Trainee: 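Sending over a structure as C-alpha cells; questions will come in a sec.
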Amino acid sequence: MAKYTRQDILDLIEQEDIEFIRLQFTDISGKLKNMATTIKQIDKILDGHYRFDCKAIDGFSGMGYEELFLVPDLSTFVIFPWRPQNGKVARFLCDVVKPDGTPFAGDSRYILKKAIKEAESMEYSFNVAIKNEFFLFDIGENGEPANYSSEKGGYFDVGPADCGENARRDMVLYLADMGIDVETSYHSDEAAQHVLGSAYAPPLEMADSIMTTRLVARTVAKRHGLHATFMPKPRTDAKGSGAHYIFSLDKDGRNIFTDEKDKFGISEEGYYFMAGILKHISGMSLVTNPIVNSYKRLVPGYLAPVTAVWSTTDASPLIRLASIGSDGGRVVLRSPDGAANPYLVIALCIAAGMDGIKNQVKPPVCMEELSMEEIKNAEVLPRTLHEAVNHFKKDSFIQEILGSHISGQMVRAKDLEWNEYCKQVTLWETEKYLPAI
C-alpha cells in the first residue's frame with residue numbers, strides 16, 4: 001500500500017477528478033460496511049471527525065453512546081477502477097474510534113493492530129498470504145443469487161471449460177489497479193469454483209486486502225452476469241470453499257521459520273508457532289469458522305480438515321508446513337473460510353503462535369508418522385457452531401486477545417444463530433422422515 005500524506009490525498013483528488021468518497025469499515029462478523037459522501041467533506045474526513053450511527057451495526061451498539069467516528073487510514077486510499085472516469089469514486093478503509101478519540105473495542109482492525117504491536121515488541125514481523133476459494137454461480141431468473149452453474153470445469157482447466165476465466169482476469173486487473181498483487185488465479189476442483197492467491201504482505205495490509213478482494217470479486221462477477229460467493233459450503237454434493245492463511249515470521253530480515261538442517265526445513269520457532277495454533281484451534285474455531293454453514297464444510301471426505309493434525313505433504317490436514325522455494329519456512333492454516341473476519345483470524349493466529357514460541361510448546365507428531373488409529377484419535381475440531389461456541393467459552397486466552405466486548409458480542413450472536421437454525425425443518429428431513437413416519 002502507498003504511504004500517502006494528507007497533502008498527497010488532496011492532490012490526488014484534484015488530479016484524478018474524484019467527486020465521491022466511500023468510508024469503509026468492517027463489523028465484528030466480518031462484513032464490509034460503507035458510508036458515501038462527496039469531496040466537500042474531505043477536511044472533515046481527514047480530521048477524523050466523520051461520525052456514524054453505531055446503533056445500526058450489530059455488535060457496535062450498547063456502549064453508552066449513540067455515535068462512533070471513522071478515522072481513515074491514508075495508505076488505503078484507492079480509486080474504484082470500475083466506476084465512471086468522470087466524477088470518480090475513491091475509498092478509505094477506516095479505524096473506528098469513540099467520541100473521545102480512543103479506539104473502539106469492537107473494531108476488529110484495532111484488535112489486529114494490538115497483536116501486531118505485541119509481536120513487534122519482541123522484534124518479530126509477520127508476512128501473511130492467502131488462497132481465497134469461491135464459487136461463481138449463475139443468476140436466477142428473477143435476478144437472485146443461485147447455487148448452480150452450467151459450467152463443468154475442474155482443477156486448472158482452461159476455457160471454454162473454465163467459464164470464469166474472463167471474470168477472474170478482470171478481478172486480477174482491478175485488484176492490481178488497487179495495489180493488491182494476486183500471484184495465482186485458477187479454476188479449483190469443483191465446477192464453478194475458483195481461487196485467487198494473494199502475494200505476501202504485512203498482516204494489517206493483508207486483512208485489508210482480503211476485504212477488498214471480496215468486494216472486487218462480487219462486483220466483477222455481477223458485471224459478468226454471475227454471482228460470487230465465499231459461502232463455505234453452498235452445495236451438498238461438492239467440496240466447500242476455504243481460505244488458507246499462510247504465515248512466515250521475520251527477525252532481522254530473515255525468515256526464522258526456516259532451518260535447512262531440519263528434515264522438513266522448519267525451525268524450532270516454526271514448530272512452536274504451529275503448536276501454539278494447535279493448542280488454541282478449538283477455541284479459535286468460532287472466529288475461523290463463524291457460521292452454521294462453516295461446519296458443513298468441515299466433514300470427512302471433502303479434503304477439509306476435521307482433526308488437529310499437521311503434515312508436510314498431505315493435502316487435507318489442519319496445518320501444513322512448507323519450506324520449498326524462495327519463500328522459506330511457512331505455516332499454512334487450512335480451516336478458515338470466507339465467512340470469517342480476516343482481522344480477527346490473523347490476530348488470533350499471531351497471538352496463539354507467539355504464545356507457542358514464548359512457551360516453547362511442543363507440537364504433536366507429524367501426521368505421516370501416525371497410524372490410522374492414532375489419526376482417528378487426534379483432537380477433533382468442533383463439528384457444529386454450537387460446539388465452537390462452547391470451546392470458545394472455555395478458552396480464556398482467545399477471549400483475552402479479542403477483548404470482552406467482541407467476545408461477548410460473538411457468543412450472544414452465535415447462540416442466537418444456532419437457536420434459529422435449530423428451529424428450521426430442512427428439505428433433507430422432510431424427504432427422509434415424512435414418507436416413513
Side-chain angles (χ1 to χ4, degrees), residues 30 32 128-138 145-149 151-158 161-165 167-172 175 180-200 206-207 209-221 224 226-247 285 287-291 293-299 301-306 314-320 322 330 332-342 345-346 349 381:
L32 189 65
V128 187
I130 190 172
K131 288 188 176 181
N132 288 289
E133 293 179 328
F134 59 98
F135 281 90
L136 288 177
F137 287 135
D138 294 344
N147 71 336
Y148 55 79
S149 170
E151 82 128 70
K152 304 297 181 184
Y155 261 133
F156 306 121
D157 272 347
V158 298
D162 175 8
C163 295
E165 63 179 3
R168 287 203 317 273
R169 172 185 175 275
D170 286 349
M171 293 174 193
V172 172
L175 287 167
I180 296 173
D181 183 13
V182 177
E183 281 194 336
T184 56
S185 163
Y186 56 92
H187 197 291
S188 194
D189 190 16
E190 298 290 349
Q193 190 179 39
H194 304 269
V195 175
L196 294 177
S198 296
Y200 282 99
M206 176 50 60
S209 295
I210 293 169
M211 296 306 299
T212 302
T213 298
R214 293 176 186 173
L215 172 65
V216 169
R218 295 188 183 105
T219 300
V220 170
H224 282 261
L226 301 167
H227 173 66
T229 179
F230 294 84
M231 181 178 176
K233 182 79 168 182
R235 296 184 58 182
T236 301
D237 57 346
K239 298 180 183 71
S241 294
H244 300 173
Y245 287 77
I246 307 163
F247 296 89
S285 291
V287 174
T288 58
N289 308 95
I291 63 175
N293 182 257
S294 296
Y295 298 89
K296 304 297 178 71
R297 167 180 164 255
L298 302 179
V299 295
Y302 289 90
L303 293 183
V306 294
D314 196 276
S316 62
L318 173 68
I319 291 179
R320 184 169 59 84
R330 50 204 184 275
V332 184
L333 180 65
R334 300 181 59 258
S335 60
D337 59 52
N341 182 329
V345 172
I346 296 174
C349 286
L381 300 180

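It should be emphasised that the depicted structure is a prediction, and the values quoted were computed from it without experimental measurement.
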Trainee: For E151 and A191, indicate whether the former's side chain and the latter's backbone hold a donor-acceptor pair under 3.5 Å.
Mentor: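 Here the side-chain-to-backbone pair does not exist.
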Trainee: Judged by atom type as modelled, is there a donor-acceptor pair below 3.5 Å linking the side chain of H244 to the main-chain atoms of K131?
Mentor: no
Trainee: Show the nearest heavy-atom pair for residues Y295 and S285, with the distance to one decimal.
Mentor: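 In this case the closest contact between Y295 and S285 is OH-O, 3.1 Å.
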Trainee: Calculate, to the nearest 0.5 Å, the distance between atoms CD and OG belonging to E165 and S185 respectively.
Mentor: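 Atom-to-atom, E165:CD and S185:OG are 9.5 Å apart.
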Trainee: Without swapping roles, check the side chain of R334 against the backbone of G242 for a donor-acceptor pair under 3.5 Å.
Mentor: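 No, because the side chain of R334 does not come within donor-acceptor range (under 3.5 Å) of the backbone of G242.
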Trainee: Does some side-chain heavy atom of S198 sit less than 4.5 Å from a side-chain heavy atom of S209?
Mentor: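 Counting from C-beta outward, S209 and S198 never come under 4.5 Å.
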Trainee: Roughly how far apart are S149 OG and F135 CZ, rounded to 0.5 Å?
Mentor: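 Output value for this atom pair is 9.5 Å.
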Trainee: Indicate yes or no for a side-chain donor-acceptor contact from S188 to the backbone of E190 under 3.5 Å, with no hydrogens or angles considered.
Mentor: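 No; judged by distance alone, with no hydrogens or angles, the pair does not exist.
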Trainee: Determine, stepwise, if the pair D138 / H227 fulfils side-chain hydrogen bond (donor to acceptor under 3.5 Å, both in side chains).
Mentor: CA-CA 6 Å; D138 294 344; H227 173 66; over 6 Å; no
Trainee: Taking the side chain as every heavy atom from C-beta outward, state whether Y186 and L196 have any atom pair closer than 4.5 Å.
Mentor: no
Trainee: Minimum heavy-atom separation for R218 and F230, please, with both atom names.
Mentor: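 Reported closest heavy-atom pair: NH2-CD1, 3.9 Å.
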Trainee: Can you see which heavy atom on L136 is nearest to which on M171, and at what distance?
Mentor: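 Of all heavy-atom pairs spanning L136 and M171, the closest is CD2-CE, 4.0 Å.
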Trainee: Run T213 and N132 through side-chain contact (heavy atoms from CB on, under 4.5 Å) and show every step you take.
Mentor: CA-CA 9 Å; T213 298; N132 288 289; 4.2 Å; yes
Trainee: Do K296's NZ or CZ and the ring of Y302 fall within the cation-pi criteria of under 6.0 Å and 45°?
Mentor: no
Trainee: May I have the step-by-step check of side-chain contact (heavy atoms from CB on, under 4.5 Å) for L32 and R214, ending in yes or no?
Mentor: CA-CA 9 Å; L32 189 65; R214 293 176 186 173; over 6 Å; no
Trainee: Give the minimum heavy-atom separation between R297 and S241, together with the two atoms involved.
Mentor: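 Taking R297 first and S241 second, the nearest heavy atoms are CD-O, 3.4 Å.
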Trainee: Could you tell me which non-hydrogen atom of E133 sits nearest to which non-hydrogen atom of V195, and how far apart they are?
Mentor: CG-CG2, 3.8 Å
Trainee: Between the main-chain N or O of V287 and the side-chain N or O of N341, is there a donor-acceptor pair closer than 3.5 Å?
Mentor: no
Trainee: Do you know which two heavy atoms are closest between R320 and D314, and how far apart they sit?
Mentor: CD-O, 3.8 Å
Trainee: So, applying salt bridge (charged side-chain N to carboxylate O under 4.0 Å, His left out) with D237, which one of K233, K239, R235 is it?
Mentor: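 So the option named by the test is R235.
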Trainee: Decide yes or no for T229 and F137: does some side-chain heavy atom of the first lie under 4.5 Å from some side-chain heavy atom of the second?
Mentor: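 They are in side-chain contact.
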Trainee: Taking the side chain from N147 and the backbone from P234, do they hold a donor-acceptor pair closer than 3.5 Å?
Mentor: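 Yes, N147 side chain to P234 backbone: donor-acceptor pair under 3.5 Å.
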Trainee: Within a strict 4.5 Å, meaning less than it, do heavy atoms of the D162 and F156 side chains meet?
Mentor: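 No, too far: nothing below the 4.5 Å cut-off.
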Trainee: In the structure I gave you, are the side-chain heavy atoms of S316 and V306 within less than 4.5 Å of one another anywhere?
Mentor: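 Sidechains of V306 and S316: no contact.
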Trainee: Just do the side-chain contact (heavy atoms from CB on, under 4.5 Å) check on H187 and V158 with the steps written out, would you?
Mentor: CA-CA 8 Å; H187 197 291; V158 298; over 6 Å; no
Trainee: A side-chain contact here means heavy atoms from C-beta on lying under 4.5 Å apart; do Y245 and T288 qualify?
Mentor: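 Sidechains of T288 and Y245: no contact.
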Trainee: Is a donor on one side and an acceptor on the other found under 3.5 Å between the side chain of Q193 and the backbone of G240?
Mentor: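 Flag set: sc Q193 to bb G240 pair under 3.5 Å.
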Trainee: Quick one: does D170's side chain have a donor or acceptor within less than 3.5 Å of a partner on A167's backbone?
Mentor: no
Trainee: Are P317 and P305 close enough that some pair of their side-chain heavy atoms sits under 4.5 Å apart?
Mentor: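 No, every pair of side-chain atoms sits at 4.5 Å or beyond.
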Trainee: Tell me, do I210 and I130 make a side-chain contact under 4.5 Å, heavy atoms counted?
Mentor: yes
Trainee: Applying side-chain contact (heavy atoms from CB on, under 4.5 Å), run through N289 and L298 and close with a yes or a no.
Mentor: CA-CA 9 Å; N289 308 95; L298 302 179; 3.8 Å; yes
